[in-house]
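Here is the naming used below: chain letters follow the sequence lines, and residue numbers restart at 1 for every chain.
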Amino acid sequence: VYVLNRQISGLMESGYCEEAFAIYEKILPAGCKPDSYTYLHLIKGFCEGGELAEARKLFKKVLGGEEDHFCGLSKVILYNAMVHGLGSAGLVEEALDLVEEMRGRGFAPDMYTYNSILHSLGKVGKVTEALTIFESMADQGCSPDIVTYNSVISCLGKAGKAKEAFELFEGMRTEGCQPDQVTFNTLISILGKTGELDLALNLYEFMTRIGCEPDVYTYTSLVAGFCRANRIDEALVLSVEMTEKGCAPNTATFNSWLDGLCKGDKVVEAGLLFDKMLLLGYVPD
RNA sequence: GUGUUUUAUU
């Protein structure tokens, strides 16, 4: 099963749902038995591939009946994967129903469950609902962790509540939760959208100083922010700094650069950069 | 030995 599971997982990663499922169908004939990993990879892959119906079908097959194949942890992981898949597809109500179902069967939601739900609420703009759950989760035995804070900060930022996002940034520190690279990247991105670019630069320096290395997310947020504000020269300075520090750009970074060049009426240069991007083997999206 | 959650561009 291990080998076949790895194949399923690999095919799913590359978006080959059908092919992955074909491997699954070969498990029994091969004299093996699908295990919880098999179903996790299949359910997760189908969800990511937008094949929710297939994911639901498998989920029901393996957890819908009376039979009990897997240990509690495996079942919680499968529930969490399905909750996340539904939530990411914008089906928050269905995801919440599934959380109720797991509760009813005696499986307490864990950090993954809460964090997935919070993320999907943020994604559909249900900030109030997210905050309610955020504030009550500690009573349910799940104190917010770094992922929770980062997710809710991002959710507030997307809702245009930059002030509240920074209040939560303070809040997490008073609760003894150390901000990490993702926290800073999230905040820098928010500041890039509100146009508070000098504050963004302050945070960029600060994160470095306390040992959080800026990465491609940091630089792409900064470059995009400066381009948005038509401060192309500063975007360029940051781009040079990025490469000097050995941080490789990716397609999103190229998109920001192209955007900045076009905004700066340097369409010819944008064309040249695009050619260079292709030459370097980057795939435009 | 394969395990589910958070951040960037348009």
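- For Ser9(A), the side chain to side chain donor-acceptor pair (under 3.5 Å) test picks out no residue, with sequence neighbours left out.
- In this structure, Tyr204(A) has its ring center under 6.0 Å from that of Tyr219(A).
- For Tyr114(A), the side chain to side chain donor-acceptor pair (under 3.5 Å) partners two or more places apart in sequence, or in a different chain, are Arg103(A).
- The side chain to side chain donor-acceptor pair (under 3.5 Å) pairs that include a residue from residues 155-167 of chain A are Ser154(A)-Lys158(A), Lys163(A)-Glu167(A), where partners are two or more places apart or lie in different chains.
- Here Asp215(A) lies out of heavy-atom contact (under 4.0 Å) with every strand.
- Proximity of residues 40-60 of chain A to RNA chain B (heavy atom under 4.0 angstrom from any strand atom) is restricted to Leu40(A), His41(A), Lys44(A).
- Within the structure, the salt bridge (charged side-chain N to carboxylate O under 4.0 Å, His left out) test picks out the following pairs touching residues 120-131 of chain A (sequence neighbours left out): Glu93(A)-Lys126(A).
- Within 4.0 Å (heavy atoms only), Ala252(A) reaches at least one base atom of the nucleic acid.
- Take Thr194(A) and apply the side chain to side chain donor-acceptor pair (under 3.5 Å) test, not counting sequence neighbours, and it matches Glu196(A).
- Note on residues 262-282 of chain A: pairs passing side chain to side chain donor-acceptor pair (under 3.5 Å), not counting sequence neighbours, are Asp259(A)-Lys263(A).
- Across all strands shown, Lys75(A) has no heavy atoms under 4.0 Å from either base or sugar-phosphate atoms.
- In summary, contact between chain A and RNA chain B, defined as any nucleotide atom under 4.0 Å from a heavy atom of the protein, begins and ends at G1(B) to U10(B) in the 5' to 3' direction.
- If you check every strand for non-hydrogen atoms under 4.0 Å, Asn5(A) touches a base.
- Side-chain contact check for Lys26(A) versus Leu4(A): every heavy-atom pair is 4.5 Å or farther apart.
- Nucleic acid contact for Lys193(A): sugar-phosphate only, since backbone atoms but no base atoms lie under 4.0 Å from a heavy atom of the residue.
- For the contact set between residues 97-108 of chain A and RNA chain B, defined by any heavy atom under 4.0 Å, there are no members.
- Residues Gly122(A) and Cys155(A) share a closest heavy-atom pair of CA-SG, 3.5 Å.
- No salt bridge links Asp215(A) with Lys245(A); every basic N to acidic carboxylate O contact stays at or beyond 4.0 Å.
- Criterion: ILVMFWY side-chain heavy atoms under 4.5 Å apart, direct or through other members. Under it, Leu11(A) and Leu40(A) are part of a common hydrophobic cluster.
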Decide side-chain contact (heavy atoms from CB on, under 4.5 Å) for Ile153(A) and Ile190(A); before the verdict, give the C-alpha distance in whole Å, the side-chain angles of both, and the deciding distance to 0.1 Å.
-> CA-CA 9 Å; Ile153(A) 287 173; Ile190(A) 293 173; 4.1 Å; yes
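- Under 3.5 Å, the side chains of Asn150(A) and Asp180(A) contain a donor-acceptor pair of N or O atoms.
- Within the 4.0 angstrom heavy-atom criterion, no nucleotide atom of any strand lies near Thr113(A).
- Of the residues in residues 163-190 of chain A, those placing a heavy atom less than 4.0 Å from an atom of RNA chain B are Val182(A), Asn185(A), Thr186(A), Ser189(A), in numerical order.
- Residues Leu52(A) and Cys47(A) share a closest heavy-atom pair of CD2-SG, 3.8 Å.
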Going through the distances and angles, do Thr113(A) and Asn80(A) end up as a side chain to side chain donor-acceptor pair (under 3.5 Å)?
-> CA-CA 5 Å; Thr113(A) 326; Asn80(A) 287 343; 2.6 Å; yes
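- Scanning for side chain to side chain donor-acceptor pair (under 3.5 Å) contacts around Arg56(A) gives Glu94(A), with sequence neighbours left out.
- Across all strands shown, Ser221(A) has heavy atoms under 4.0 Å from sugar-phosphate atoms exclusively, and none from any base.
- Sorted by residue number, the members of residues 22-36 of chain A with any non-hydrogen atom under 4.0 Å from RNA chain B read Asp35(A), Ser36(A).
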